[in-house]
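Position 1 is the first residue of the sequence, and the numbers go up from there. Being a predicted model, the structure only gives us computed values, none of them experimental.
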Amino acid sequence: MQSRIPRQSAPEHGMQRADNDARLSDELASVVAGARRRAVRDGDRQIDTAHLLHSLLESDPEARAVFGDGPQIARLLGYLVQRSIGYGLRWQSGVEDSGAVPVVTGAAGFSPLAAGCMEYACERAAGHGERARGTDLLAAIVADPQARAVEVLERAGIGAREVFARLDDRSGRTEECGETTL
């Protein structure tokens, strides 16, 4: 019996490797690689913010800790899993772009919004003399209310502003959620 999932590498889908970016921590590079694999496996043309969020929750204990251990994280993971088997199918025909983010060149394989989030995460970390970590990417993802990941969070009963506030509390950094220009 032949697998229904075609074996394709990320370059065949036009997804350039961002996980070797020197601005990313090793953990975040692993998150990006996981998001890329998920996008390819799901048959999506681009890595979007929901792929990144799912990979963050699976791979980054620090980012996952922002959500705690209660029923919210289980519900959130449930929605992210469902995304690839049903309700996310409507996203396959469109590109994730809120219009608020300038198109980032050199980020093929990412939706425009996800590319902007990656850039924002790197800039956020560089402002503190660090390489980007998962929590930097999580802050970038929840900063735009049009992100697919924010839609998934809301369906799970988790507010993006609440997540951003938790990240600020943990890091001591204060920024505005939903008003940040990525």
Polar side-chain atom of S111 near backbone of D48 as donor-acceptor pair, under 3.5 Å: no

A50 backbone acceptor or donor facing R148 side chain under 3.5 Å: no

Interatomic spacing from CG in L57 to CG in L52 - rounded to 0.5 Å: 11.0 Å

Inter-residue atom distance L77.CG - Q72.CD, 0.5 Å rounding: 12.0 Å

Basic-acidic side-chain contact under 4.0 Å: R133, E27: no

Pairwise side-chain contact, V152 with L80, heavy-atom cut-off 4.5 Å (strictly under): yes

Side chain proximity check, I73 to I158, heavy atoms < 4.5 angstrom: no

Residues R124, E119: salt bridge by 4.0 Å N-O rule: no

Rounded distance (nearest 0.5 Å) linking atom CG of L56 with atom CG of L28: 7.0 Å

Minimal non-hydrogen separation, A143 against F164, with atom names: CB-CE1, 4.2 Å

Spacing of R131 atom CZ and D21 atom CG [to the nearest 0.5 Å]: 9.5 Å

Student check: side-chain heavy atoms of V150 and Q146 closer than 4.5 Å: no

Residues forming a side-chain contact (heavy atoms from CB on, under 4.5 Å) with V66, sequence neighbours excluded: L138, V163, R166, L167, R170

Test item: D144 and L113 side chains (from C-beta on) under 4.5 Å apart, heavy atoms: yes

Working for side chain to side chain contact (heavy atoms under 4.5 Å, CB included), residues E123 and M118: CA-CA 9 Å; E123 290 172 6; M118 292 299 298; over 6 Å; no

Donor-acceptor pair, side chain of T49 and main chain of I141, under 3.5 angstrom: no

Derivation of the salt bridge (charged side-chain N to carboxylate O under 4.0 Å, His left out) call for E130 and R23: CA-CA 8 Å; E130 303 170 350; R23 301 176 302 164; over 6 Å; no

Chi angles and distances behind the side chain to side chain contact (heavy atoms under 4.5 Å, CB included) call for L153, F67: CA-CA 11 Å; L153 286 168; F67 296 94; 3.6 Å; yes

Under 3.5 Å: donor-acceptor pair, side chain of S55, backbone of V32: no

Between CG on residue L24 and CG on residue L137, distance to nearest 0.5 Å: 9.0 Å

Minimal non-hydrogen separation, R38 against E58, with atom names: NH2-OE1, 2.7 Å

Worked verdict on Q46 versus F110 for side chain to side chain contact (heavy atoms under 4.5 Å, CB included): CA-CA 5 Å; Q46 297 178 319; F110 287 89; 5.9 Å; no

Side chain S25, main chain A132, donor-acceptor under 3.5 Å: yes

Exam field: side chain H54 to backbone H51, donor-acceptor pair closer than 3.5 Å: no

